[in-house]
Amino acid sequence: MFKLFHGTSRNRQCRWIILLGTAILLFEFIYFFKTKIALSLAHDFKWLPQSIVAGLIVAPFAFLLWFWRDQNKIKDQEHIERDLKIKENNAEWDNFFKFQRIVTDKNESATVRATAIYAIGEYYTRSKESNFPQQTHQFFQALLNDPSKNAPINNEKCLMEGKDPKTLELTIQIIRDAIYNVIKQKMNYIRENEMDFNFFDLHGARFNGANLTMINISKCEIRNSDLRNAIFQGANLTSSNLSCSRLDGSDLRYAVLSEADLKGAVIYGTNLSGVLGWEKANWTSARFNNETIFPDGMREKTIELGMRDFGNINKD
């Protein structure tokens, strides 16, 4: 049986009572009109047909019935749309957790798990209110910061059977690379949702050309990474480890490098103008060339800082 009214049982009962009461009153009024009022109106308004007079009297009640019916349809539609949104949202969460289970299933192949990572990455594009971007970011951080979660559970068995001795390392690297690719592709959404990489382990990341403007990357492991031509304008790199990373052509204007470790980093053609806290950073063996742009007072102290001048060497 179809429902005329949605809502709580109490509300539906009240609405039915109102509708039934209105119908009874309407019936009694029409009956009263036919027996008594019609004669009076017919006498006073002889020039009007009785059907018109009856219509004028019944019209308000008909309007009320139409109004309640119309409101009921609107509420029905609202309930349908709300139910659809709930079902869609539940389906999205179900898929989100399903992809997570695939990624953390150590018996799955690295390729399948990487594919699930790309699927999870799409949740970065959801609205902040849905909480999907934050959950996605936290999930990736957990994977990156704990390599054991990425290792295949049957790695020892593979070694015992004489299979690829680098199964463990290959699996971890494939999963890390997939996460790095997702982060690089969705960097704008990460910035819009005001998320950061504080305490992330991003070593070996391939963020060449990535836009990390104004993002907090403090206390982050980003050593041995490809950061060529990346944009770090105004980024917070306090206490981060960028040792042996490639920063050729990168834009670090007004970035904060206090206590950062750039030992052995390559900064050919890197723009360091306006960098804050460079005096407290570790520049030992960092390599620069003639195209490197230094902040005021830094070029004169490159020898004191233990940096290596490669003159006209090309950054490529």
Side-chain angles (χ1 to χ4, degrees), residues 92-126 131-190 195-210 212 215 217-230 240-247 261 263-266:
E92 279 205 300
W93 280 109
D94 288 343
N95 288 332
F96 183 69
F97 292 129
K98 180 182 72 175
F99 292 136
Q100 285 192 2
R101 287 192 294 271
I102 294 173
V103 173
T104 55
D105 186 352
K106 298 179 181 181
N107 287 316
E108 281 286 4
S109 69
T111 303
V112 171
R113 295 169 71 185
T115 302
I117 285 172
Y118 284 106
I120 292 174
E122 291 304 312
Y123 287 88
Y124 268 129
T125 66
R126 303 299 191 270
N131 204 36
F132 278 124
Q134 296 84 345
Q135 292 295 321
T136 300
H137 207 56
Q138 291 173 14
F139 179 67
F140 284 159
Q141 182 180 20
L143 289 176
L144 292 170
N145 289 12
D146 187 357
S148 64
K149 293 182 178 180
N150 305 330
I153 197 169
N154 57 355
N155 186 61
E156 292 183 7
K157 182 179 179 181
C158 289
L159 295 176
M160 291 176 63
E161 293 176 353
K163 295 181 180 179
D164 187 356
K166 295 186 177 180
T167 302
L168 173 64
E169 292 78 6
L170 287 172
T171 300
I172 292 176
Q173 192 57 52
I174 289 172
I175 291 175
R176 294 189 75 91
D177 286 345
I179 296 175
Y180 293 152
N181 287 336
V182 168
I183 289 175
K184 181 179 176 181
Q185 292 169 6
K186 308 300 181 184
M187 194 66 73
N188 288 336
Y189 294 100
I190 293 172
M195 294 182 286
D196 57 47
F197 295 100
N198 194 24
F199 290 106
F200 265 66
D201 183 354
L202 299 171
H203 76 270
R206 294 184 176 90
F207 285 167
N208 51 305
L212 294 101
I215 289 182
I217 322 175
S218 61
K219 300 178 181 178
C220 175
E221 282 291 332
I222 195 167
R223 65 188 185 281
N224 300 312
S225 298
D226 183 357
L227 308 174
R228 290 174 294 178
N229 301 307
S240 287
N241 183 0
L242 292 95
S243 59
C244 300
S245 290
R246 296 291 301 268
L247 289 155
D261 186 358
K263 182 178 179 179
V266 178

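Residue numbers run from 1 in the order of the sequence given.
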Quick check: does any side chain N or O of [X] sit under 3.5 Å from a backbone N or O of [Y], one acting as donor and the other as acceptor?
X: S225; Y: R206; value: no
X: N145; Y: D201; value: yes
X: K186; Y: Y123; value: no
X: R113; Y: T104; value: no
X: S240; Y: I222; value: no

Is it the case that more than 12 heavy atoms not belonging to K219 sit under 6.0 Å from its NZ atom?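 Open: at most 12 neighbouring heavy atoms sit under 6.0 Å from NZ of K219.
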Measuring from [X]:[atom1] to [Y]:[atom2], what's the distance to the nearest 0.5 Å?
X: F132; Y: T125; atom1: CZ; atom2: OG1; value: 10.0 Å
X: N208; Y: R246; atom1: CG; atom2: CZ; value: 10.5 Å
X: W93; Y: Q135; atom1: CH2; atom2: CD; value: 5.0 Å
X: M195; Y: Q141; atom1: CE; atom2: CD; value: 11.5 Å
X: L247; Y: L242; atom1: CG; atom2: CG; value: 6.0 Å
X: L202; Y: R223; atom1: CG; atom2: CZ; value: 10.5 Å

Go through the structure and list residues passing ring-ring contact (aromatic ring centres under 6.0 Å, His included) with Y118, not counting sequence neighbours.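 Y118 satisfies ring-ring contact (aromatic ring centres under 6.0 Å, His included) with no residue once adjacent residues are dropped.
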Run the ring-ring contact (aromatic ring centres under 6.0 Å, His included) test against F200 and tell me which residues pass, sequence neighbours left out.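 By the ring-ring contact (aromatic ring centres under 6.0 Å, His included) rule, F200 matches H137, F197.
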I215 vs M187, test: side-chain contact (heavy atoms from CB on, under 4.5 Å). Steps then yes/no. CA-CA 10 Å; I215 289 182; M187 194 66 73; 3.7 Å; yes
Please give me the minimum heavy-atom distance between [X] and [Y], naming the atom from each residue.
X: H203; Y: Y180; value: O-OH, 2.7 Å
X: A114; Y: I174; value: CB-CG2, 4.1 Å
X: Q100; Y: I120; value: N-CD1, 3.8 Å

Decide yes or no for T136 and E122: does some side-chain heavy atom of the first lie under 4.5 Å from some side-chain heavy atom of the second?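 They are not in contact (no side-chain heavy atoms under 4.5 Å apart), so the answer is no.
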Compare all side-chain heavy atoms of K98 with those of N95 and state whether any distance is below 4.5 angstrom.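 They are in side-chain contact.
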Apply side-chain contact (heavy atoms from CB on, under 4.5 Å) to residues F139 and F99 and explain how you reach the verdict. CA-CA 11 Å; F139 179 67; F99 292 136; over 6 Å; no
Can a donor-acceptor pair be found between the side chains of Q185 and N181 at a distance below 3.5 Å?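 Short answer, no.
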